[in-house]
Structure formats: C-alpha cells, structure tokens
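Letters A, B, ... are given to chains in the order of the sequence lines, protein chains preceding strands, and every chain is numbered from 1.
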Amino acid sequence: MMTGIVYDRACVVPRALRITLGSGWSLAGTGAVFIIFAIVYAMVLPATYTGGVVGLVSLRFLTPGTLVLALVMALLLALTIALAVHGFRNGAGAKSAGGALGAILGILPSLLCCSPILPLGIAAIAAFLPAAGSLGAPIQGFIATHEFWIYGVAIVLMVWGLYGNARRILSCTYRCSSAPTRTQREVNHACCEPSANRASGQEPRRSE
Amino acid sequence: MLQKTLMKLVLPTLSAVLITLAVAAPPVWADQAQHGSMAPMNAPAHEHAAAAPFLVHGRTMNLQSFKGQPVMLWQVATWCPSCAVGLKTLAQNRALIDGSKLKVIVLQDYENGGYPGVDMEKFTAENAPALLHDSHFIIGEDTKELYSRYNPHRYVDVYYLIEPNGHVALTASAPSMSFDKIKQFIQQGKTK
C-alpha cells in the first residue's frame, strides 16, 4: 500500500514531463531556458568568491561543485517553467511559490555573503533602527558558513515546485480517466471544470 | 479569482525580475570593483590615512609607523570565502609584491565581523601558508579603533592602498577581482 503510494508519487514528475515535453517546440524551449539559467547560475554562484561581482569574470572561480549545483538548479527551474507554462495553457494554472522561492534562495548566498549589499542595506535600516546596525556581518557570516544548507533548501523548494506543477498537470489529464489514483484524487483543479475550460477556449472535459 | 490570477502572475514575474536584476546589475559592481570603488563608503580615497593601532601576535602596532612606505591595509573575516580567495591571489603574486616596497597588512575584522571563525594564523595557514613567513606581509587583528575608523560600514572584505605620504590612493574590495589595481599601484612607482 505504502510502496504503491510512494511509487505513484515518484512517477508524477516523469509522467507530467512526458505530457509537457511531448512536442519538439516545448522540448527546444525548455532546453533554451535550461541553457540560459545554467549560464546565469554559473555566473552568479561563484560570486561568493568574488565579493559579489557577477559576470563572465566570475566564471574563473567556477568549481566542479558549483557547476553541478548550477546545472541542477537550472534543470529544476527549466522543467518547472515548462510545466507551469503547460499548466497555464491548459487552464490548470501554475504552482509558483516553491519554484520561485527556491530560485531566489539559490542566488542569495552568493550575492549577499561577501558583497557590500547587505552592509549597505543594514546601514540604511540602521538609520531608522540603530539596533539593527550590527546585524550585517553576522548575517553574512551565517550565510557564508551555512551556504551548503541554504542551497539544499533551495533545491528542495525547487523540487517541491516541480512536483506541485506536475500534480496539477496530471490532475487535469487523469481526472478524465476511469481509474484515478489516490494522488490524482487528492488534487482537484479548475482545469477540468467547464468554466475553466471555457475560459481557456477548450471544450469541457468528461467528468468522472 | 482576480486575486488568485494575480498571485499566480506576481510570483513568477517577481522571481524573473529578481533574477534579471541579479544578472544585470552586478556587471556594474564588477566595473566598480575593477576601478577600485567597490567600497566607497569607507574612509574616502584621496584622504589621509589616519593613525590607528592593530595587533600582531598580541603586540600593538600602529599604522602610523609605516609612513614612508606604501601599504595595503586589508580587513578580512575568516569565514569569508572571497577573503580566502583574495589571500590565495596575493600568494600567487608574491613575487611581484616581494619585488616592491609594498607592505601588506592583513587584519582580521574586530571580533571577526561579529561572527565566529578560525583565528588569522589558521586562516592564513589554510589558504596561503607561504605568507606567514614573508616579510612583506603582516598578519594581525583589528583593534576596535581601527575597525571603526577604517570599516564603519562593517564590510567583510575591504582594503586600502596607502601611498608613502599617507594618502589613500584606493579603497576597494576582493583582491582576487581587483588585483590589477594593486599591480598598477605597485608598478606606478609609488612602491619603488
């Protein structure tokens, strides 16, 4: 029973991706988005070593570990965007919170760790709240020494966003099938409702 | 419905804008770093470097005692990755520095910037052990006075290039990114 549920959930993302990346165009688009984000992350992540400087120059500090991290984050983000776009186009909507938070969290350590952004921001806050004046460096210290965990949380959030979007897409597809699984029953989205389908220009789907 | 749609649109748009900003804005900082104005809010460049004490192996020294020779005063935190890379950059360019009169004073931020970390000896030994025995390099710690005078905004990685006459020629950050400026400072004959 338990194994079935786990298996069912593990298959959600591959199934949704098979539907989403069915056409050559969507595959090419997702590939392009992946490449763009891979380049962005490859330039942003080494900023930890450059004092916040980002650009082609930061590629000099790209380590194998940082490169893998950049590729993983870019892949998760590209796939999430592909699922979200497919969801929007089919009236399923998109679950954006996890992916967006993960994407933002993924770039924060590199940009905030050793650059002047945080000290200057804290200095601005300290003009109104003097007690906050000494917080900048300790926050940077925390970020610098917990970078690994922050990236871990960012990846978990991105996976969560990917999974959420995949479930939305599958809920639309499978709700019309004869035997929905438990995971598919858990989600009940507007995409299969007549009003939503009318809004997205589609014919209402057959109800269960 | 409208609120839901807005929420669905706002988050992706916000994230896209943030990512775009993150990519678009930093080249400006990069440019600033190249020109040595990465940390312009500290003691302003082209002003006189004030006397301030610092500690080397528990012994008090004063910046004033280095007047007459070019000095690079660099304040770091030992948990800071860009400082570690900067130290390695200086070690890689040791020959150039050793061939000049430049004195590089590397000081740990007062109380390590407010976050715990290894001491300077260990930090240097881990990243650039050769510098521990180089007479052109002084490894020490900030006093509260020097820290508040030379790093009022508490940057974790900031350095000053001070001319023999005591003028601050440049304030910048991350030597790994701006070493060309240090090189220029050395080569301009200010250090000879």
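With contacts defined as side-chain heavy-atom distances shorter than 4.5 Å, the pair A:L120/B:Y155 qualifies. Between A:Y49 and B:K88, the closest side-chain pair of non-hydrogen atoms is not below 4.5 Å. Proximity of A:C114 to B:P81: side-chain heavy atoms (C-beta onward) are separated by under 4.5 Å at one or more points.
Going from atom CG of A:L135 over to atom CZ of B:R154 covers 9.5 Å, rounded to the nearest 0.5 Å. In this structure, CZ in A:R60 is found 7.0 Å from OG in B:S176, a value given to the nearest 0.5 Å.
Both the backbone and the side chain of A:F142 come within less than 4.5 Å of a heavy atom of chain B. At a 4.5 Å heavy-atom cutoff, the contact between A:T48 and chain B is made by backbone and side-chain atoms alike.
The two residues B:V156 and A:C113 come nearest to each other via the heavy atoms CG2-O, 4.3 Å. Across all non-hydrogen atoms, the minimal contact from B:M177 to A:F61 is SD-CE1, 3.5 Å.
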